[in-house]
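Input: a single structure, listed below in structure tokens.
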Amino acid sequence: MQIQENISLRPYNTFGIDTKARYFASFSDTDELEETLNFKLQTSNLILGGGSNILFTKDFDGLVLKNEIKGIAELHEDSEYVYVKAGAGENWHQFVQHCIQRNWAGIENLSLIPGNVGASPMQNIGAYGVEIDDVFWDLEAYHIQERKIVTFTRSDCEFGYRESVFKRKYKDQFVILNVTYQLRKKPRFNTSYGAINQELDRMGVGELSIKSISDAVINIRTSKLPNPKELGNAGSFFKNPAVDTVTFNVLQSKFENIVGYPTADGSVKLAAGWLIEQCGWKGFRKGDAGCHARQALVLVNYGNATGKEIYQLSDEILQSVKEKFGVTMEREVNII
Ligand code: FAD
Ligand code: EPU
């Protein structure tokens, strides 16, 4: 176990924000995690994966624990599914590729999402018509105060749109150690998201495969989302807000091109990127903080923006969307 002091978190967050951690350690198994927690029990803890959904607005005056638990194992299979367990510190996209190579289906639409396996249920990551909720089997998590490992089934996680118990009632209480996914042996292709079919046509794909869907998703994503290695960002900064149908109809009568999608619960999900673009923010830059020119939902750091500057910009965006449309948006990124 090695605990570093006063280190820069810049290499550990995809926004590239240069704040400091009072203490920093990584762990690759539960014993090492316990050992580290014993050393600094009194400080506050922050569990870090790939740092791709975090905005540091100040120095962290506690212990940052980087989860490096590795390993991918096929646990068992039945007639329809294979059950695959992955360590929380595995890179998400590499795990997706591992599954595609073995023809295990279900997460191909989630290709190229940055970050690690451990955050996937915490965030209930989603893209192109699929979310973790659709393939989740169970996970093991370590309760920091009670010092014990607890298993969470799908219903225990209370998944919602970019939500789970780990972001709500159990916030900061558990360290996710590993996650088991239920993947299909015979794929059920999901091309419900319009852009996928367009891209498959453009690619000239005849017979569908999970690999071709993954390739299409990768192409779409690289065409509009900035690569954090080139331009600091944390993906969508805000959630797409939901409104009831009456509100949507009123909005549509005033803004005829407003983009909204009906959801299973009867509400309409508005495209936050459209709302932000209509307020004139797309491509906006102040200092090194900006709103991406190809995807207005993504805030970016051109180099040396501080977390406070990015946060301030997000506040201004929230206010202007509220003023123009009367819609309250919510941040998706975890603010520290
Ligand atoms: P981190 O940023 O390290 O952590 C996120 C939160 O989870 C923090 O609160 C952290 O404390 C907590 N956490 C992390 N690991 C653990 C653990 N093991 N135990 C307990 N708590 C933990 N997200 C989507 O859903 N869909 C997308 O399409 C998408 N596209 C993106 C595109 C880009 C370019 C970027 C930069 C981000 C995108 N994201 C997307 C957001 C991000 O990739 C996901 O939220 C991802 O799951 C974050 O993983 P991470 O390991 O980097 O988490
Ligand atoms: N749009 C605009 N202007 C923009 C951006 C978007 O008008 O600048 C409109 C367009 O009409 C477009 C619609 O918004 O058709 C939807 O845009 P897009 O397909 O890019 O998806 P999104 O709603 O902006 C969501 C997720 C992404 C996920 C994609 C694909 C959220 C908050 N974001 O983005 O997730 O990859 O769908 O499924 O739900 C993330 O969470 O970090 C993330 C990138």
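Being a predicted model, the structure only gives us computed values, none of them experimental.
Taken to the nearest 0.5 Å, the NZ atom of K66 stands 11.5 Å off from the CD1 atom of I47. Here K269 contributes atom NZ and K239 contributes atom NZ; the two are 9.0 Å apart, rounded to the nearest 0.5 Å. Atoms OG1 and CD, on T328 and Q319 in that order, are 11.5 Å from each other to the nearest 0.5 Å.
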> Going through the checks in order, is the salt bridge (charged side-chain N to carboxylate O under 4.0 Å, His left out) test met by E330 and R162?
Replying inline: CA-CA 11 Å; E330 205 185 313; R162 300 293 195 277; over 6 Å; no
> Which is it for E80 and K186 under the salt bridge (charged side-chain N to carboxylate O under 4.0 Å, His left out) test, yes or no, and what are the steps along the way?
Replying inline: CA-CA 7 Å; E80 260 182 275; K186 261 203 187 146; over 6 Å; no
> Passes salt bridge (charged side-chain N to carboxylate O under 4.0 Å, His left out), E158 versus R168? Steps please.
Replying inline: CA-CA 10 Å; E158 297 173 18; R168 292 174 182 255; over 6 Å; no
> Between E309 and D288, does a side chain to side chain contact (heavy atoms under 4.5 Å, CB included) hold up when you go through it step by step?
Replying inline: CA-CA 8 Å; E309 286 166 343; D288 272 353; 5.5 Å; no
> Should F238 and L275 be marked as a side chain to side chain contact (heavy atoms under 4.5 Å, CB included) after you check the CA-CA gap, both sets of side-chain angles, and the distance that decides it?
Replying inline: CA-CA 11 Å; F238 306 97; L275 300 173; over 6 Å; no
> Should D215 and V205 be marked as a side chain to side chain contact (heavy atoms under 4.5 Å, CB included) after you check the CA-CA gap, both sets of side-chain angles, and the distance that decides it?
Replying inline: CA-CA 10 Å; D215 289 344; V205 170; over 6 Å; no
> Given I176 and M122, is the side chain to side chain contact (heavy atoms under 4.5 Å, CB included) satisfied, shown in steps?
Replying inline: CA-CA 8 Å; I176 296 169; M122 153 114 193; 4.1 Å; yes
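Listed for the T57 side chain is a donor-acceptor partner under 3.5 Å among the backbone atoms of I336. N334 places no side-chain N or O within donor-acceptor distance of the main-chain N or O of I54, the cut-off being under 3.5 Å. Within the 3.5 Å criterion, the main-chain N or O of I132 finds a donor-acceptor partner in the side chain of N124. Remark: side-chain polar atoms of E108 are paired, donor with acceptor, to backbone N or O of G106 under 3.5 angstrom. Looking only at distances, a side-chain donor or acceptor of D59 sits under 3.5 Å from a matching main-chain atom of K20. For the pair N45 (side chain) and L65 (backbone), a donor-acceptor distance under 3.5 Å is absent. Put simply, the side chain of R331 never gets that close to the backbone of F237: no donor and acceptor are under 3.5 Å apart. Side-chain atoms of D201 never come within 3.5 Å of backbone atoms of Q198 as a donor-acceptor pair (strictly under, hydrogens ignored). Between the side chain of T36 and the main chain of E32, a donor-acceptor pair closer than 3.5 Å is present. Y161 contributes no side-chain N or O that, together with a main-chain N or O of G126, makes up a donor-acceptor pair within less than 3.5 Å.
Atom CG of D244 has more than 12 heavy atoms from other residues, nucleotides or ligands within 6.0 Å. The number of heavy-atom neighbours closer than 6.0 Å to CD of E256, taken from other residues, nucleotides and ligands shown, is 12 or below. By the 6.0 Å contact criterion, OH on Y170 is open, its count of non-hydrogen atoms from other residues, nucleotides or ligands being 12 or less. By the 6.0 Å contact criterion, NZ on K286 is open, its count of non-hydrogen atoms from other residues, nucleotides or ligands being 12 or less. Counting non-hydrogen atoms of neighbouring residues, nucleotides and ligands closer than 6.0 angstrom, the NZ atom of K70 exceeds 12 such neighbours. For K167, the NZ atom sits in a packed shell: over 12 heavy atoms of surrounding residues, nucleotides or ligands are nearer than 6.0 Å.
Side-chain contact between Y81 and R184 is present, with heavy atoms from C-beta onward closer than 4.5 Å. A heavy-atom distance below 4.5 Å is not found between the side chains of S267 and F248. At least one side-chain heavy atom of S212 sits under 4.5 Å from a side-chain heavy atom of L200. The shortest side-chain heavy-atom distance between Q278 and F255 does not fall under the 4.5 Å cut-off. Contact annotation: the side chain of V243 never approaches that of F325 to less than 4.5 Å [non-hydrogen atoms, C-beta and beyond]. Residues N219 and M203 meet the side-chain proximity criterion, which asks for heavy atoms closer than 4.5 Å. Between K148 and V150, some side-chain heavy-atom pair lies under the 4.5 Å cut-off. The side-chain heavy atoms of F152 and D138, taken from C-beta on, include no pair separated by under 4.5 Å.
E316 and Q312 are linked by a side-chain donor-acceptor pair at a separation below 3.5 angstrom, with hydrogens and angles left out of the test. A side-chain N or O of Y181 and one of S120 form a donor-acceptor pair less than 3.5 Å apart. At a cut-off of 3.5 Å, with distance as the only test, a side-chain donor of Y83 or Q182 sits close to an acceptor on the other residue.
By the criterion of side-chain heavy atoms lying less than 4.5 angstrom apart, applied directly or through intervening Ile, Leu, Val, Met, Phe, Trp or Tyr residues, F174 is not grouped with F27; the two fall into different hydrophobic clusters. By the criterion of side-chain heavy atoms lying less than 4.5 angstrom apart, applied directly or through intervening Ile, Leu, Val, Met, Phe, Trp or Tyr residues, L112 is not grouped with Y128; the two fall into different hydrophobic clusters. One hydrophobic cluster, built from ILVMFWY side chains closer than 4.5 Å, cannot hold both L297 and L110; they sit in different ones. Using a 4.5 Å cut-off between side-chain heavy atoms of Ile, Leu, Val, Met, Phe, Trp and Tyr, with links allowed through other members, Y311 and I317 fall into the same hydrophobic cluster. At a threshold of 4.5 Å between side-chain heavy atoms, the hydrophobic network of Ile, Leu, Val, Met, Phe, Trp and Tyr places I196 and V130 in one connected group.
Of the residues I69, T30, L33, the one that meets the side-chain contact (heavy atoms from CB on, under 4.5 Å) test with V175 is L33.
The six-membered or imidazole ring of W274 lies away from that of Y261, with a centre-to-centre distance of 6.0 Å or more.
Note: H98 and W104 have tilted aromatic rings, judged against thresholds of 30 and 60 degrees for the angle between ring planes. The aromatic rings of W92 and F95 are tilted relative to each other, their planes meeting at an angle between 30° and 60°.
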